[in-house]
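The model shown is predicted, which means the values in this text are computed figures rather than measured ones. For the numbers below, each heavy atom of this structure counts, side chains included, while hydrogens, waters and symmetry mates do not.
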Protein chains: 2
Amino acid sequence: MTTPTGSGRRERRRLPILLKPDELEIRTWAQLVHTLSRMERRLEQALEGHGLSIPQFDILATLGFYQGITQQELAARLLVTKGNICGMIDRMEASGWVERRSDPFDRRANRLFLTRRGKALLAQTAPEQHARLREIMCALEPGELQSLYQYLDRLDEAAGD
Amino acid sequence: MTTPTGSGRRERRRLPILLKPDELEIRTWAQLVHTLSRMERRLEQALEGHGLSIPQFDILATLGFYQGITQQELAARLLVTKGNICGMIDRMEASGWVERRSDPFDRRANRLFLTRRGKALLAQTAPEQHARLREIMCALEPGELQSLYQYLDRLDEAAGD
DNA sequence: TATTGTTATACTCTATAACTATA
DNA sequence: TATAGTTATAGAGTATAACAATA
């Protein structure tokens, strides 16, 4: 049951520490969450001037790279449900950034494409995001960045599916 | 303006790649997001049996470590607004996990404490979360984990405030 | 039958801004 | 005045489940 430090009957201590997250696994996890949160806030600042959220930018960038994928493929890639993607695409289509085209070979499926405006928006925001990322990431040497990438990749696989 | 690859006038190509995110900064960022997302989903599974969300668990764990902090201190630590924390604590107080106690020295402020049930819940969920984390993190050698932690810490600082 | 997408619904997290009570 | 917390409001993102159209 691992009752945490200080199961005490009185709570009058100055700073009763219940849980001491001194193990590296926990500290690294907490750091991962914290770092991503900070970086997201930084990246959001650049996007909100364009009326874009981070998930929307992710979709924009994904469609820029994989034009013509289906909604389900997009959902799988972004690790969200198809219902979620459907709503996201609704909003982004309404904004004129994305276009659904029915797949002629399988008329159940939609193929997703960026519109001209969507491409322009991506062309405008991606370099900004990239610049901000570079500003932050340059805290690491190239070799360290490479290691970081690999560590994350391995954790990703270990987190499995 | 850095128009991405394939500004083409026709869109008939098989897979027109607009953006090639081949720079390590971008790939690492994408990997960071993806890995965290996967790990969160894994950790959520363990929590939802207890009716806990990840943000709630974060609060539980933070209060376990820093009992008696104020709502604003908690907000700053979790990088969210005080209004947000207020609502979170409302819900968690209603669930009987957290207790507000008015600070006798500054009656504007609330000091936050885990209730007995909150402590019990933390004592139950933290080891589970820890076990899951260890399962994933053991994909890295101890030295690598240490490096990962430091890299993230440096990025965190670089992302500044 | 199985699959793609849509719709309906609901909930959590999040933010902002105006408000209160205390300092 | 300034600060801690509350309230009201709003919105995004997310999930689930039932449904339609197509395969």
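In this structure, a donor-acceptor pair under 3.5 Å is present between the side chains of Arg100(B) and Gln71(B). With 3.5 Å as the limit, one finds no donor-acceptor pair spanning the side chains of Arg91(B) and Ser95(B).
Each of Ile54(B) and Thr70(A) was assigned the nucleotide of DNA chain C with the nearest heavy atom; the assignment lying further toward the 5' end belongs to Thr70(A).
Side-chain N/O atoms of Gln71(A) include none lying less than 4.0 angstrom from OP1 or OP2 on dG5(C).
Across the protein-nucleic acid pair, Glu48(B) atom CD and dA15(D) atom P stand 11 Å apart, rounded to whole Å. Note: CD1 (Ile85(A)) to P (dG5(C)) measures 10 Å, nearest angstrom. To the nearest angstrom, P of dA15(C) lies 13 Å from CD of Gln72(B). Straight-line distance from the CZ atom of Arg111(A) to the P atom of dT4(C): 10 Å, rounded to whole Å. Rounded to an integer number of Å, the gap from Asp90(B) CG to dA4(D) C1' is 14 Å. Summarising the geometry, the separation between CZ on Arg41(A) and C1' on dA12(D) is reported as 14 Å, rounded to the nearest angstrom. As rounded to whole Å, 14 Å separates atom C1' of dA15(C) from atom CG of Leu79(B).
Closest approach of Gln129(B) and Phe57(B) over heavy atoms only: CG-CZ, 3.6 Å. Across Arg132(A) and Arg42(A), no two heavy atoms sit closer than the pair NE-O, 3.4 Å.
When distances are taken from the side chain of Asn110(B) to each of dG13(D), dT6(D), dA15(D), the shortest belongs to dT6(D). The side chain of Val80(B) approaches dA15(C) more closely than any other nucleotide in the set dG5(D), dA15(D), dA15(C). Each of dT14(C), dG13(D), dT7(D) was ranked by its minimum atom distance to the side chain of Cys86(B); first place goes to dT7(D).
Just one of Leu122(A), Ile59(A), Leu60(A) meets the side chain to side chain contact (heavy atoms under 4.5 Å, CB included) condition when paired with Leu52(A); it is Leu60(A).
Partners of Arg154(B) by side chain to side chain contact (heavy atoms under 4.5 Å, CB included), not counting sequence neighbours, listed by chain and number: Leu140(A), Glu144(A), Tyr151(B).
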Using a 4.0 Å cut-off on protein heavy atoms (strictly under), produce a 5'-to-3' string for nucleotides 16-23 of chain D with B for base contact, S for backbone-only sugar-phosphate contact, and - for none.
B----BBS
Could you go through residues 28-36 of chain A and list every donor-acceptor pair under 3.5 Å that involves a side-chain atom there, pairing it with any protein atom two or more places apart or in another chain?
residue  : atom : partner   : partner atom : Å
Thr28(A) : OG1  : Leu24(A)  : O            : 2.6
Gln31(A) : NE2  : Thr35(A)  : OG1          : 3.0
Gln31(A) : NE2  : Asp156(B) : OD2          : 2.9
His34(A) : ND1  : Asp156(B) : OD2          : 2.9
Thr35(A) : OG1  : Gln31(A)  : O            : 2.8
Thr35(A) : OG1  : Leu152(B) : O            : 3.1

